[in-house]
Asks: 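Okay, here's the structure, questions in a sec.
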Amino acid sequence: MAFAIVATMLIRMVGEYLFSQKVREEQRMTEDLAAGFVSVLGDRDAGALYAQVLEAAEQSDSRVIVLDTQGVAQADSLSQANGQRLALQEVAHVLRGGASTYGFYDLRSSSSTFLRSLSFSARGDALMGVYTAPIPVEGRLAGVVLYLSDAREVFDNLTRMQLRMTVWLVLVALAVLTMSVLVTRLFTRPIEELSAGIARMTNGDLSSRVTVRGHNEYSQLAEAFNMMCQRLERLDQTRNQFVSNASHELKTPLSTMKVLIQTLQYQDVYDPEMQAEFLGDIDAEIDRLNAIVGDLLTLVNIDSGRQELKPELLRLDELIDETAYRLRPLAEKRGIHMDVVVKDRIETMADARKLSQVFYNLMDNAVKYTPDGGFVRAEVGRNGRMARVTVSDSGIGIPKADLIHVFDRFYRVDKARARTTGGTGLGLSIVKQFILMHEGTVDVDSEENVGSTFTVELPIINLTA
Ligand SMILES: Nc1ncnc2c1ncn2[C@@H]1O[C@H](COP(=O)(O)OP(=O)(O)OP(=O)(O)O)[C@@H](O)[C@H]1O
Ligand SMILES: [Mg+2]
């Protein structure tokens, strides 16, 4: 819209400028003609005057008439107006002593035969330009030059030029418009692709990725988006895996219990001994279920950041002694010797419940994966600024290939054996998480059929020291 207004104004301005240029040119020419007539008019040579008028008209392709001081035509290039008094206001202006002037007459709208008779053009539609200039001889007005031109052609040329300009401006406008549409598309396309990707993701398609070519901010954004998708997808997969593993782990004791209860239900003869045994088994399964659910809850709480560290000042060696004490009956039942070696007494700020579970899990594993008659040894000592606890055993060991996985959730080296020992594969992942919360480290070293050593290092935080 604004463009249209500016364009119209521009076209009009250019038109007016060119037109006034043309007018000025013709006016100057009329004045030049007037200057040329000075000498012939002074000589009063009618023949020479006519010849000069004719020549001037031919040269400028117009009609030239020289009038005397009464406004009567003395020499007309078309020889029609000779002797006539031409009462034009432009003539009168000069006769009154005015300077050169001009005017335009549209012959189409004028019914004046007089004006028509002046037109030199054969075309009736002529727009007649009338220019007059005084011819001064020795300081006095001796006559008037009347120069009649066909302005229609000038007008037509102007209109044509204006039309051409309009066409050009429209073309430029169209080009600018297409360009701007293209450029906007160029900028909005990547955004559209991104939002489409986000929409797909919102609808649950986490495998969705967006492709944005180039090396600009958009492609960086797309890359970041894809990275986020990838992480979310992986998170989603781990979560699904976790839920599926957890359900599987819960299913096993449940189906065992179901079988036990069904056997009891459809027992033909009442056998109190068998009933007691089965009930004992069911009780054990419930314990196991309880343990699994407890572990799962712990892990879920860690994941959601709900597990907070509640540090208190504690004695690490005493904590380990207590844990060993709880496990000793189990170990002794299987002839496993359990040892706690305190190299240094260590006092530190730590979460007693969490560390207690850490060492319980480690020692429980050591007992569980050691054949009858073996040994389990826990050592507490100082290693620089860290407290170091090692739990070693003379057990079955862990194959090299499995070492890096034992801290993974639900990971068990020997699935079949774990079934009988009742492991879920969650113990060590909890150990790892709790130790990380304490900003410590946990490592494992093991040799198959020789034994394993788990090493925990914890920073000693002692406010009193
Ligand atoms: N001291 C050890 N000696 C040999 N193998 C071990 C030892 N500790 C752990 N493992 C192996 O690592 C696996 C993972 O141990 P983790 O404590 O996480 O699970 P679990 O003992 O099987 O089950 P639970 O969740 O009941 O602890 C075990 O299944 C076992 O195969
Ligand atoms: Mg365990």
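In each ligand, atom 1 is the first atom listed, and ligand 1 is the first ligand listed.
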Asks: If you take the nearest heavy atom of each of Tyr369, Phe454, Phe410, which one is closest to atom 4 (C) of ligand 1?
Replies: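 Looking at heavy atoms only, the winner is Tyr369.
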Asks: Suppose I only count heavy atoms of Val406 and a 4.0 Å limit; which atoms of ligand 1 are within that range?
Replies: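 Numbered from 1, ligand 1 contributes 12 (O), 14 (C).
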Asks: Do any N/O atoms on Leu426 end up under 3.5 angstrom from N/O atoms on ligand 1?
Replies: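 N/O-N/O distance under 3.5 Å: yes.
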Asks: Between Val431 and ligand 1, find which residue part has any heavy-atom pair under 4.0 Å and reply side chain, backbone, both or neither.
Replies: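 Looking at Val431 and ligand 1, no heavy atom falls under 4.0 Å.
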Asks: How many angstroms lie between atom CD of Gln162 and atom OG1 of Thr166, to the nearest 0.5 angstrom?
Replies: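 Nearest 0.5 Å value for the CD-OG1 distance: 7.0 Å.
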Asks: Evaluating non-hydrogen atoms only, which member of Thr370, Asn365, Asp408 is closest to atom 21 (O) of ligand 1?
Replies: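 Among Thr370, Asn365, Asp408, the closest heavy atom to atom 21 (O) of ligand 1 comes from Asn365.
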Asks: Using a heavy-atom cut-off of under 4.0 Å, does the side chain or the backbone of Tyr411 touch ligand 1, or both, or neither?
Replies: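 For Tyr411, the contact with ligand 1 is made by the backbone alone.
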Asks: Scan side-chain atoms only and decide if Asn203 and Arg200 contain a donor-acceptor pair under the 3.5 Å cut-off.
Replies: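 Short answer, no.
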Asks: Relative to each other, are the rings of Tyr131 and Tyr147 parallel, tilted or perpendicular (30° and 60° limits)?
Replies: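 Because their plane-to-plane angle is over 60°, the rings of Tyr131 and Tyr147 count as perpendicular.
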Asks: Testing the 3.5 Å rule here: is there a donor-acceptor pair between the side chains of Ser100 and Glu31?
Replies: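 Yes - a donor-acceptor pair under 3.5 Å links their side chains.
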Asks: Consider every N or O of Asp393 and every N or O of ligand 1, then say whether any pair is closer than 3.5 Å.
Replies: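 There is such a contact, yes.
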Asks: Between the Mg ion (ligand 2) and Asn361, is there an N, O or S atom separated by less than 2.8 Å?
Replies: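 For Asn361, the answer is no, given that no N, O or S atom comes within less than 2.8 Å of the Mg ion (ligand 2).
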Asks: Run the side chain to side chain donor-acceptor pair (under 3.5 Å) test against Ser60 and tell me which residues pass, sequence neighbours left out.
Replies: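 For Ser60, the residues satisfying side chain to side chain donor-acceptor pair (under 3.5 Å) (neighbours in sequence not counted) are Ser62.
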Asks: Any idea which heavy atoms bring Leu264 and Leu279 closest together, and the distance?
Replies: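 The answer is CD1-CD2, 4.3 Å.
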Asks: So, 4.0 Å and heavy atoms of Gly395: is ligand 1 close enough to count as a contact?
Replies: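 The answer is no: ligand 1 sits nowhere under 4.0 Å from a heavy atom of Gly395.
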Asks: Polar contacts were defined as any N/O atom of the residue lying under 3.5 Å from an N/O atom of the ligand; does this apply to Asp364 and ligand 1?
Replies: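 In this structure, Asp364 places no N or O atom under 3.5 Å from an N or O of ligand 1.
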Asks: Using a 4.0 Å cutoff against the non-hydrogen atoms of Ser452, which atoms of ligand 1 qualify?
Replies: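 Heavy-atom distances to Ser452 below 4.0 Å select 2 (C), 3 (N), 4 (C).
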Asks: For Arg326, is there an ion pair with Glu322 - N to carboxylate O distance below 4.0 angstrom?
Replies: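 Salt bridge: no.
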Asks: Please state which option from Ser429, Gly427, Ala366 has its nearest heavy atom closest to atom 27 (O) of ligand 1.
Replies: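 Ranked by closest heavy atom to atom 27 (O) of ligand 1, first place is Gly427.
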Asks: Does an N or O from Ile396, backbone or side chain, lie closer than 3.5 Å to an N or O of ligand 1?
Replies: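 No, Ile396 has no N/O under 3.5 Å of an N/O on ligand 1.
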Asks: So, is Val413 polar-close to ligand 1, with some N/O to N/O distance under 3.5 Å?
Replies: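 Between Val413 and ligand 1 (N or O atoms, distance only) the closest approach is under 3.5 Å.
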Asks: What closest approach, in Å, do Phe454 and Ile398 show between heavy atoms, and which atom pair accounts for it?
Replies: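 It is CZ-CD1, 4.1 Å.
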Asks: May I ask you to say whether Arg353 pairs ionically with Asp351, meaning some side-chain N is under 4.0 Å from a carboxylate O?
Replies: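 No.
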